Amino acid sequence: MEKQAKCEEKKIGVIETWSRKHRLLFHGATRHPLILSIRDGSINIASFKSWLAQDYLFVRAFVPFVASVLIKAWKESDENGDMEVILGGVASLEDELSWFKREASKWGISLSEVVPQQANKKYCGLLESLMSPEVEYTVAITAFWVIEAVYQESFAHCIGEDSKTPQELKETCERWGNEAFAKYCQSLQNIANRRLQKASDEELKKAEVMFLKVLEYEVDFWNMSKGNV
Ligand SMILES: Cc1ncc(CNC=O)c(N)n1
C-alpha cells in the first residue's frame, strides 16, 4: 500500500503534489488582484507602470541568478539536456531586457531613475542568496521553475477566453502567456521533478521551503503596485 502511494506520487511529480498541497498560496500568486484587474480591464495604468518599472530591476537581478543555475547544472546535473534548457533561458533574457526598455519608453518611464521598493529589494536579495555555491542545484532549479511558472500562469490567464485585457497591455501578457513560454516552463518543471524525485529528505524539505518562499515573495511583488490603485 505504501509502495503504491509512493508510485502515485512519482507519477504526478513532486511539483504537482506541492502545487496542490499549497494551492491557496499558489492561487494567491497567480490570480493576484493586479492580474485580475488586467484581465477584466479595470487596471489602473499607474499600477501597471509601477509594476513595469520595478520588474525591470528584478529582471536585471534575475539574469545572474539564471546564470548561476547554469553553473550548477554544469557541475551537478546528471542529464546533459538541462544545460540547453537553462542556456535558452539566459539567451531569452537579453531580448527581455530590450523589451523592457522599449516598453518603458512607450509609457514615458525613465528606467535609470527607478528606485527599487522594499519587496523588490527583498526578492532580489533572495535571488542573490540562491546564487551561492552552497545552494544545491535541486533547490535552485525548483526556485527557478516557480519564478517562471508564476508569470506564465498569471499572464496566460489575461489572454484566455473572455478576457477583457486592454489592447495596450496585450503584448506584455503575450510575453509570458504565450505557448512557447509555457513549454519552456514545462521543461523546467520536468528537470525540477526529476531532481526532486532523487533528492534526500533534507534536500526535499529545503526545496519545499524555497517553493513557498518564492510564492510569498511573488505575492509581495504584485502587492507593491497596490499603492497606485
Ligand atoms: C517578479 C517576477 N517574477 C517572475 C518573472 C518572470 N521571469 C522573467 O522575466 C518576472 N519577470 N518578475
Side-chain angles (χ1 to χ4, degrees), residues 15 19 25-35 38 47-70 85-104 107 109 111 114-131 140-159 169 171-189 191-192 210-228:
I15 293 285
S19 302
L25 186 54
F26 197 78
H27 194 266
T30 55
R31 295 292 183 269
H32 187 273
L34 187 75
I35 282 299
I38 293 176
S47 302
F48 175 79
K49 285 165 72 169
S50 149
W51 163 79
L52 186 77
Q54 292 296 319
D55 211 42
Y56 168 72
L57 295 183
F58 176 84
V59 172
R60 288 195 73 86
F62 189 59
V63 174
F65 163 70
V66 180
S68 79
V69 183
L70 185 67
V85 174
I86 301 160
L87 184 58
V90 176
S92 67
L93 286 169
E94 188 189 1
D95 178 63
E96 189 161 311
L97 286 173
S98 310
W99 175 83
F100 269 102
K101 286 173 200 160
R102 275 200 314 278
E103 194 66 17
W107 292 100
I109 300 166
L111 289 174
V114 180
V115 179
Q117 290 187 30
Q118 200 48 46
N120 200 358
K121 278 198 227 165
K122 195 181 70 172
Y123 203 170
C124 292
L126 178 67
L127 292 181
E128 200 169 347
S129 71
L130 284 165
M131 293 179 213
I141 194 83
T142 301
F144 186 20
W145 171 77
V146 200
I147 296 170
E148 299 289 46
V150 166
Y151 265 45
Q152 195 276 319
E153 295 239 354
S154 298
F155 286 110
H157 187 57
C158 299
I159 50 178
L169 303 187
E171 197 185 305
T172 301
C173 301
E174 280 288 341
R175 169 153 285 279
W176 291 281
N178 77 73
E179 207 41 56
F181 192 71
K183 281 213 177 104
Y184 161 67
C185 289
Q186 187 59 55
S187 304
L188 291 178
Q189 184 175 332
I191 297 173
M210 192 49 66
F211 170 85
L212 294 173
K213 202 163 184 169
V214 168
L215 289 176
E216 198 188 295
Y217 283 27
E218 285 286 344
V219 173
D220 292 344
F221 198 92
W222 294 128
N223 280 343
M224 278 190 301
S225 50
K226 258 189 186 164
N228 300 291

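As the structure is a computational prediction, the values presented were derived from the model and not from experiment. Read the numbers this way: they start at 1 and go in the same order the structure lists the ligands and their atoms.
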Going by the rule salt bridge (charged side-chain N to carboxylate O under 4.0 Å, His left out), which residues pair with Arg60 if we only count those two or more places apart in sequence or in a different chain?
none

If you count only heavy atoms, which residues are under 4.0 Å from ligand 1?
Asp55, Phe58, Val59, Phe62, Glu96, Tyr123, Ile147, Glu148, Tyr151, Trp176, Glu218, Phe221

Spacing of CD1 belonging to Ile147 relative to SG belonging to Cys185, to within rounding of 0.5 Å
11.0 Å

NZ (Lys183) with more than 12 external heavy atoms under 6.0 Å:
no

Aromatic rings Trp51 and Phe100: how do their planes relate, parallel, tilted or perpendicular, breaks at 30° and 60°?
tilted

Would you call the rings of Phe58 and Tyr123 parallel, tilted or perpendicular, taking 30° and 60° as the class edges?
tilted

Close side-chain approach of Ile35 to Glu153, heavy-atom, < 4.5 Å
no

